[in-house]
Amino acid sequence: MTLQGLQPNAYVAAKMVAMYASHGDIDSALFVFNRIDGERSSLLYNSILRGCAKNGYTEKTLEMYYDMNSIGLRPDNFTFPFVLKCCAELLRVGIGKCVHGQSLRVGLECDLYVGTSLIDMYVKCGEILEASKLFDEMPVRDVSSWNALIAGYMKNGVVGVAEDLFRRMSTRNIVSWTAMISGYTQNGLGDRAFDLFEEMQREGSEVKPNWVTIMSLLPACAHAAALEQGRRIHSYASWIGLDSNSYVQTALVSMYAKCGSLVDARSCFDRLCVKDKGLVAWNTMITAYASHGLGMEAVWTFEDMIRFRVQPDFISFTGLLSGCSHSGLVDIGLKYFNCMNSVYFVEPRVEHYACVVDLLGRAGRLVEAKELIDRMPMQPGPSIWGALLAACRTYRNLEIGEIAAKQLFVLEPENSGNYVLLSNMYAEVGRWEEVDSLRVILKDQGMKKSPGCSWTEINGKAHLFHGGDTYHPQAKEIYMLLEDLPKKIKAVGYVPDTSFVLHDVSEEEKEHNLTTHSEKLAIAFGLLNTYPGTVLRVTKNLRICIDCHTATKYISRIYDREIIVRDVNRFHHFKDGSCSCGDYW
DNA sequence: TGTTAACATT
């Protein structure tokens, strides 16, 4: 239907605006709205506000709200929730407070919907105290009001108060449970999220988990690298009929990739039908390959995405370029970087420069990397200098390394890792005075290396290890295995690399330090507790150290095991004495 | 003649 020349009467116009707005066709709704002659009712404004607010036209919503006020129309109980939602989305608490004032003037502050929307607005703008005060003063509350406040406390990290509210509420619906579960996940309390999920199912009431509930649990699986747990959630999701939910399937791709199973990630990706394979799904798959060091697969996936006519964004390029850098695909990475703007219309951001610095740095092209930094159109941040410093450490280039380190000391003085790196570099060339002065800085500022820890999941239960700890019930067996290990792997060519140990101790002691690194403890535990041939999956909170990397290659050979280690940056697949990263990470 | 709460990709 063409709208040209149409001069609708008020009633027809209102119908049309409502129809277009409810279908998300805001441009047509606005077109009709703007052509209306004569008076516009609150109803009409409410329809258009609803459409704008629901479809992401947040600024427009506020604009229409001003319009409405300027022509003397009174906003009503339907108006405020739409407007407040937009204030929350834009984090414009100042405007939100004006709207709040307006609602007081028209005597609607006691309205249930307005009150709940106000709570939500304050919560999302970080003013939890204001939200809590409103909640206490509300004459009528419903389950949504409680839910808004609970989510608010969770978002602000006040888990205890959220729990208290949750236990005190008389009726809980699925949103209440999901708010708690996702709150736990967001606050790094994955275990409690799973416990609550189970409790919810035990209650066996009419509360049924939905796709949002599943989406709140999957990041907890991914974070803990809990593959078994993730599979359980996946089959549960299938059971409740979510196989065709593209959001859930995409989140599953990400979860499987982060839990180390690319095969499962890919099969979830392949199950998505063409129309559901949106930007997010493609980005997730590209990033998955990149983090596993499969640079060529990342490139192919990117090319598939282009063939399917999906427009890439800056995340696609972050994935693509980091994939190239993790695999040493220097020329391919540079090719994409150089044409991302001209061919794909994506402006390079600082994270893309960081990838390319990393790309050049890992290939030992340090001078080029430094030149690129000098030519950057934006301020180089810690990610840029950090990539350069790490490359200088690998290629033992003290001259450029000092430049990078000095920048980092200014940009992130609290990050002890930078001092340690530079100190290691000085130590290597015997410049002990500099080593000492850096050590003094570290001590004076009370900085500690964040303690390394690794964990592995056996039969659905996670086992956590810190370097050198003996708390695990099987510690004795683990240490017995590790005691023998150096001999065994030295026989097939292993040479301990102690150059990353900062402490001023004897070589023998350094070697012992190495044998009790957390990742080795976790691997030993895995070897002891799984059948021969089982794939071991270990997650580490820091980067895997070079000696553990070397040792794990030998372990994979002599024990004939595939070992997948997720470190803070990427995945390493060890098999038959070599690693998927090609020693390039 | 319609309104509120929980949500994934770097």
Side-chain angles (χ1 to χ4, degrees), chain A residues 11 14-15 17-18 21-22 41-51 53-54 75-85 88 108 111-121 123-124 131 138 140-152 154-155 162 166 169 172-186 209-219 222 245-255 257-258 265 269 278-288 290-291 313-323 349-352 354-355 383 569:
Chain A
Y11 179 75
K15 280 279 183 200
V17 169
S22 64
S41 60
S42 299
L43 169 64
L44 192 56
Y45 265 99
N46 286 344
S47 311
I48 196 93
L49 284 170
R50 170 175 181 264
K54 281 221 155 89
D76 61 18
N77 54 327
F78 291 104
T79 316
F80 288 112
F82 302 135
V83 177
L84 289 166
K85 191 191 182 76
L108 281 170
D111 179 83
L112 177 59
Y113 288 97
V114 176
T116 303
S117 299
L118 279 167
I119 291 175
D120 185 52
M121 184 275 294
V123 153
K124 294 208 167 115
M138 276 173 93
V140 199
R141 290 185 282 249
D142 73 355
V143 61
S144 296
S145 329
W146 286 82
N147 292 346
L149 193 64
I150 286 175
M154 280 300 198
K155 280 208 171 68
F166 181 73
M169 56 196 300
R172 308 182 186 103
N173 62 13
I174 184 58
V175 179
S176 326
W177 289 92
T178 304
M180 287 299 293
I181 290 171
S182 76
Y184 281 136
T185 307
Q186 284 160 13
N210 59 20
W211 65 280
V212 184
T213 320
I214 301 300
M215 301 278 275
S216 306
L217 285 164
L218 290 177
N245 182 306
S246 60
Y247 293 96
V248 170
Q249 292 305 313
T250 305
L252 282 170
V253 174
S254 167
M255 180 278 289
K258 286 182 180 151
F269 181 75
L279 177 65
V280 176
W282 287 101
N283 283 353
T284 308
M285 200 63 234
I286 292 170
T287 307
S291 66
D313 71 348
F314 74 101
I315 295 174
S316 325
F317 276 93
T318 310
L320 178 64
L321 295 173
S322 71
R349 297 196 190 186
V350 69
E351 52 267 54
H352 304 117
C355 287
S383 59
N569 280 334

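Order of the sequence lines sets the chain letters (A, B, ...), proteins ahead of strands, with each chain counted from 1.
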Partners passing side-chain hydrogen bond (donor to acceptor under 3.5 Å, both in side chains) against A:Thr284 (at least two apart in sequence or in another chain): none
Taking atom [atom2] of [N] as reference, at what distance in whole Å does atom [atom1] of [X] sit?
{"X": "A:Leu118", "N": "B:dT3", "atom1": "CG", "atom2": "C1'", "result": "13 Å"}
{"X": "A:Ile181", "N": "B:dA5", "atom1": "CD1", "atom2": "C1'", "result": "15 Å"}
{"X": "A:Ile150", "N": "B:dA5", "atom1": "CD1", "atom2": "P", "result": "15 Å"}
{"X": "A:Leu218", "N": "B:dA6", "atom1": "CG", "atom2": "P", "result": "19 Å"}
{"X": "A:Leu149", "N": "B:dA6", "atom1": "CG", "atom2": "P", "result": "12 Å"}
{"X": "A:Phe82", "N": "B:dA5", "atom1": "CZ", "atom2": "C1'", "result": "15 Å"}
{"X": "A:Leu43", "N": "B:dT3", "atom1": "CG", "atom2": "P", "result": "12 Å"}
{"X": "A:Lys15", "N": "B:dT1", "atom1": "NZ", "atom2": "P", "result": "4 Å"}

Side chain of [X], base of [N]: donor and acceptor closer than 3.5 Å?
{"X": "A:Asn210", "N": "B:dA6", "result": "yes"}
{"X": "A:Asn173", "N": "B:dA6", "result": "no"}
{"X": "A:Ser144", "N": "B:dT4", "result": "yes"}

Is the shortest side-chain heavy-atom distance between A:Asn147 and A:Met169 below 4.5 Å? yes
Heavy atoms only: give me the nearest A:Phe166-A:Arg172 pair and the separation to one decimal. O-NE, 2.8 Å
What one should report as the nearest heavy-atom pair of A:Ser322 and A:Cys355 is N-SG, 3.8 Å
With a 3.5 Å distance limit and no angle check, can you tell me whether [X] reaches the backbone of [Y] through a side-chain donor-acceptor pair?
{"X": "A:Asp313", "Y": "A:Ser316", "result": "yes"}
{"X": "A:Ser176", "Y": "A:Asn173", "result": "yes"}
{"X": "A:Asn46", "Y": "A:Leu49", "result": "no"}

Atom pairs, N/O to N/O, protein against nucleotides 7-10 of chain B, distance under 3.5 Å?
residue : atom : partner  : partner atom : Å
B:dC7   : OP1  : A:Gln186 : NE2          : 2.9

Students often get this wrong, so: under 4.0 angstrom with heavy atoms, is A:Asn46 touching a base, only sugar-phosphate, or nothing? base
Just call it for A:Phe80: base, sugar-phosphate, or nothing, with non-hydrogen atoms closer than 4.0 Å on any strand. nothing
Side-chain N,O (A:Lys85) to OP1/OP2 (B:dT3) below 4.0 Å: no
